[in-house]
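Following: one structure in structure tokens, then a few remarks.
Keep in mind that what you see is a predicted model, and the values were worked out from it rather than measured.
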Amino acid sequence: MNTRICTRMGLIAGGFVGVLVSLVNTQSNCCGNPVFHATFAQLAMDGLVVALIAAFLTAAFICLVSHLPVKPVFLLALYIGVVTGVLLGWLAYHIHNPGLALAVCAYLGAALGSLVCRILCGDAGALRTVGAR
């Protein structure tokens, strides 16, 4: 599997996490409403849900366009979505500008997607599953 696919999947998932989780914070502190103080677990869960939805939609589009096998692409989408969502959910919440959160989380998501791909796929470019020889 090409690392560009993983990088782009991480970029899209990170961008969605950045803009949507940041918008939640922006909307909660306007109009005199009290600021919602979330815990790390709540922010990680919010980021995880957004990242998984974005990564699975991206994986479906990748499989539709490039005719790659479905199982490895969706497995990579799962791994990239989990890592991106958990690590970037709290970061996006604390960046109060949604545009800045989009840019920062998109670049970090691309880096995380590339890292996940290099760990799971290695230099051969094939997804290694647990227990496979």
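- Pairing each heavy atom of Val17 with each of Gly47, the nearest pair is CG2-O, 3.5 Å.
- Here CZ of Arg8 is found 9.5 Å from OG1 of Thr3. Values are rounded to the nearest 0.5 Å.
- Looking only at side-chain heavy atoms (C-beta outward), Val116 and Ile119 stay at 4.5 Å or farther from each other.
- The nearest pair of heavy atoms linking Ala92 to Ala101 is O-CB, 4.4 Å.
- Ala51 and Gly81 get closest at one heavy-atom pair: CB-O, 3.3 Å.
- Rounding to the nearest 0.5 Å places CZ of Phe74 at 9.5 Å from OG1 of Thr58.
- You'll find the side chain of Leu43 stays beyond 4.5 Å of the side chain of Thr39, heavy atoms only.
- Both Phe16 and Leu23 are members of a single hydrophobic cluster when ILVMFWY side chains are connected at heavy-atom separations under 4.5 Å.
- Criterion: ILVMFWY side-chain heavy atoms under 4.5 Å apart, direct or through other members. Under it, Leu100 and Trp90 are part of a common hydrophobic cluster.
- Counting only heavy atoms from C-beta outward, the side chains of Val24 and Asp46 never approach each other to under 4.5 Å.
- Follow the hydrophobic side-chain contacts under 4.5 Å out from Val19 and you never reach Leu11; the two are in separate clusters.
- Atom OH of Tyr107 sits in a sparse spot, with 12 or fewer heavy atoms from other residues, nucleotides or ligands closer than 6.0 Å.
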Working for side chain to side chain contact (heavy atoms under 4.5 Å, CB included), residues Leu88 and Val21: CA-CA 9 Å; Leu88 297 181; Val21 174; over 6 Å; no

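- Leu76 has its side chain within reach of Cys6: a pair of non-hydrogen atoms, C-beta onward, lies under 4.5 Å apart.
- In this structure, CG in Leu112 is found 10.0 Å from SG in Cys105, a value given to the nearest 0.5 Å.
- A distance of 12.5 Å separates OG of Ser114 from CD1 of Ile5, quoted to the nearest 0.5 Å.
- Taking CG of Leu102 as the reference point, atom CG of Leu20 lies at 9.5 Å (rounded to 0.5 Å).
- More than 12 non-hydrogen atoms from other residues, nucleotides or ligands lie less than 6.0 angstrom from CZ of Phe40.
- Here the CD-OH distance, from Gln42 to Tyr93, works out to 8.5 Å after rounding to the nearest 0.5 Å.
- Test Ile80, Val82, Thr84 against Leu52 for side chain to side chain contact (heavy atoms under 4.5 Å, CB included) and you get one pass: Val82.
- Within the 4.5 Å cutoff, the side chain of Phe56 has heavy atoms near those of the Leu78 side chain.
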